[in-house]
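Attaching a single structure in structure tokens format; questions to follow.
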Amino acid sequence: MPIADSVFDIDDHLTLALCDVDQAKKLVLASGQPSTFIPGIPKLLSGHGHARPPSLADIYLFGQKLQLASFDGRNRKHIVVCGGQDPFSITNMIAGIGGFLLLFRGMKLDTLEESLKPILNCCIGYAEYSHSSKYMEEINVLDCFQALDCARNQGWIKFGVSQDLSLDYSPHCLDMEEYIHYDCMANGNINTIVPAKFIVFHRPAAHLPSDCAWQDLGPSARAFGPRYYAELFADMGIELVVRVGYGAGGYDTSCFAELGIEVQDLLLNEDEEDVLLRTASAAGSPSAGG
């Protein structure tokens with residue numbers, strides 16, 4: 001039962017507050033329940049300036065913070081996660097909590113959806129734009145939960161105490177520390193779609209000298225040349241790079257060939273969905289798209 005209209009109990013040890021930390025303290029502490037208050041995931045922006053859903057890295061780091069805050073020695077603590085009042089921050093908080101319950105607590109998807117049902121109407125959708133901005137599709141937190149549940153059931157990810165012995169975890173289960181490292185813009189902005197099978201990355205910078213792997217462009221920008229990705233992908237066991245885009249190409253691929261990595265071009269001359277399906281179908285061997 002909710003303590004107040006803007007505060008909802010998920011279970012005896014976890015409460016969500018649709019307000020900031022100071023307001024939540026007044027509401028929850030007035031009930032006499034000692035609690036630890038944690039801000040949710042704030043509004044996040046994509047490279048195009050649009051609000052985006054939390055990434056797997058965002059959910060993992062948020063879940064770790066909750067996991068550490070949830071225990072005092074052997075004693076379970078009561079946690080209040082505060083989403084603020086911005087609609088995207090509230091939506092991100094719910095997305096983060098759902099990811100935590102799925103991946104750290106091992107909650108089943110239908111149980112999660114039922115637990116969050118009273119506040120799902122507080123969520124808003126995210127607009128996903130293509131690089132051309134011609135296509136747009138709205139996704140919501142339930143889409144995020146279904147994707148996480150699928151990845152967990154495939155054995156691609158396992159966090160905290162959610163390791164389910166009934167699941168056949170892939171030997172290529174994500175190493176989250178490595179994932180977070182390469183997900184960072186400063187380290188190549190590389191995203192794993194299917195562990196050990198399919199990753200995506202930004203097109204390498206064509207203007208860098210052939211012997212230059214990367215170059216800082218300022219205090220918060222870095223360009224990566226083909227050699228950076230070629231050497232990294234060789235270490236990862238990548239066998240195929242698919243270059244996707246209008247007139248795909250634009251950078252020298254010889255360094256990939258030197259390391260035994262095949263490069264194919266896939267022109268973006270069809271509907272984006274069809275291009276992505278064709279790209280994924282090319283990933284029978286470990287591959288990358290960029």
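Side chains are part of it too, since the values below use all heavy atoms of this structure and drop only hydrogens, waters and symmetry mates. The model shown is predicted, which means the values in this text are computed figures rather than measured ones.
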Legend entry - N-O pairing of Glu114 and Lys108 below 4.0 Å: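 Between Lys108 and Glu114 there is no salt bridge, as every charged N stays at least 4.0 Å from the carboxylate O atoms.
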Legend entry - NZ/NE/NH1/NH2 to OD/OE distance under 4.0 Å, Lys25 and Asp20: no
Inset, instruction - Answer whether the closest heavy-atom distance between the side chains of Gln146 and Leu109 falls below 4.5 Å. - result: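 They are in side-chain contact.
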Legend entry - 4.5 Å side-chain heavy-atom contact, Pro53 and Cys144: yes
Inset, instruction - Would you sort out whether Cys123 and Met93 count as a side-chain contact (heavy atoms from CB on, under 4.5 Å), showing the intermediate values? - result: CA-CA 10 Å; Cys123 297; Met93 173 192 68; over 6 Å; no
Inset, instruction - Check whether any side-chain heavy atom of Gln64 lies under 4.5 Å from a side-chain heavy atom of Phe104, and answer yes or no. - result: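 Side-chain contact under 4.5 Å: yes.
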Legend entry - Gap separating the CD1 atom of Ile119 from the OG atom of Ser6, nearest 0.5 angstrom: 11.5 Å
Legend entry - Transitive ILVMFWY side-chain link Met185 to Phe224, under 4.5 Å: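 No.
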Inset, instruction - Indicate yes or no for a side-chain donor-acceptor contact from Asn153 to the backbone of Asp149 under 3.5 Å, with no hydrogens or angles considered. - result: yes
Inset, instruction - Over all heavy atoms of both residues, which pair between Lys77 and Phe71 is shortest? Give the atoms and the distance, please. - result: CD-C, 3.7 Å
Inset, instruction - Write down the atom of Ile38, the atom of Ala69, and the distance for their closest heavy-atom approach. - result: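 Looking at all heavy atoms of both residues, the closest pair is CD1-CB, 3.5 Å.
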Inset, instruction - Hey, could you give me the CG/CD distance between Leu101 and Glu113, rounded to the nearest 0.5 Å? - result: 12.5 Å
Inset, instruction - To the nearest 0.5 angstrom, please state how far the OG atom of Ser55 sits from the CD1 atom of Ile180. - result: 8.0 Å
Legend entry - Distance flag, aromatic centroids of Tyr229 and Phe201, threshold under 6.0 Å: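 Centroid distance Phe201-Tyr229: below 6.0 Å, so yes.
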Inset, instruction - Report yes if some heavy atom in the side chain of Leu18 is under 4.5 Å from a heavy atom in the side chain of Cys122; otherwise report no. - result: yes
Inset, instruction - Measure the spacing between CZ of Arg152 and CZ of Phe145 and express it to the nearest 0.5 Å. - result: 12.0 Å
Legend entry - Heavy-atom side-chain contact between Asn92 and Leu44 under 4.5 Å: yes
Legend entry - same_hphob_cluster(Leu208, Val263) at 4.5 Å side-chain heavy-atom cutoff: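 Hydrophobic grouping puts Leu208 apart from Val263.
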Inset, instruction - Would you check if the side chain of Asp235 reaches a backbone N or O of Leu232 as a donor-acceptor pair within less than 3.5 Å? - result: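 Not a single qualifying donor-acceptor pair exists.
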Inset, instruction - Check whether any side-chain heavy atom of Thr36 sits under 4.5 Å from a side-chain heavy atom of Val80, and report yes or no. - result: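 A side-chain contact is absent here, since even the closest heavy-atom pair is not under 4.5 Å.
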Inset, instruction - Compare all side-chain heavy atoms of Pro226 with those of Phe256 and state whether any distance is below 4.5 angstrom. - result: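 When only atoms from C-beta onward are counted, Phe256 and Pro226 do touch, with a gap below 4.5 Å.
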Legend entry - Closest heavy-atom pair and its distance - Ile261, Phe233: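 Looks like CD1-CB, 3.9 Å.
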Legend entry - Nearest atoms (heavy-atom pairs only) where His181 meets Asn187: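 Smallest interatomic distance, heavy atoms only, reads O-ND2, 2.8 Å.
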Legend entry - Residue pair Leu174 / Leu56: nearest heavy atoms and the distance that separates them: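 Taking Leu174 first and Leu56 second, the nearest heavy atoms are CD1-CD2, 3.6 Å.
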Inset, instruction - Report yes if some heavy atom in the side chain of Val241 is under 4.5 Å from a heavy atom in the side chain of Thr253; otherwise report no. - result: no
Legend entry - No-hydrogen, no-angle side-chain donor-acceptor test under 3.5 Å, Glu178 and Tyr182: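 The answer is no; no qualifying pair exists.
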Inset, instruction - To the nearest 0.5 Å, tell me how far Ile94 CD1 sits from Ile124 CD1. - result: 10.5 Å
Legend entry - Pair Thr15, His78: side-chain N/O donor-acceptor within cut-off below 3.5 Å: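 There is such a pair between these side chains.
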Inset, instruction - Could you go through the side-chain contact (heavy atoms from CB on, under 4.5 Å) check for Met107 and Ser115 one step at a time? - result: CA-CA 10 Å; Met107 184 176 285; Ser115 298; 4.2 Å; yes
Inset, instruction - Locate the shortest heavy-atom distance separating Val81 from Leu66; write the atom from each residue and the value. - result: CG2-CD2, 3.7 Å
Legend entry - Arg243 side chain to Tyr251 backbone, donor-acceptor under 3.5 Å: yes
Legend entry - Distance in Å, Leu16 CG paired with Leu116 CG, rounded so as to fall on 0.5 Å steps: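 Output value for this atom pair is 7.0 Å.
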Inset, instruction - Please check if atom CG in Asp12 has more than 12 non-hydrogen atoms from other residues, nucleotides or ligands closer than 6.0 Å. - result: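 No.
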Legend entry - Derivation and outcome, side-chain contact (heavy atoms from CB on, under 4.5 Å), residues His13 and Ile79: CA-CA 6 Å; His13 299 95; Ile79 302 295; over 6 Å; no
Inset, instruction - Output, in order, the C-alpha distance, side-chain angles, deciding distance and verdict of side-chain contact (heavy atoms from CB on, under 4.5 Å) for Ile190 and Asp183. - result: CA-CA 5 Å; Ile190 298 167; Asp183 181 60; over 6 Å; no
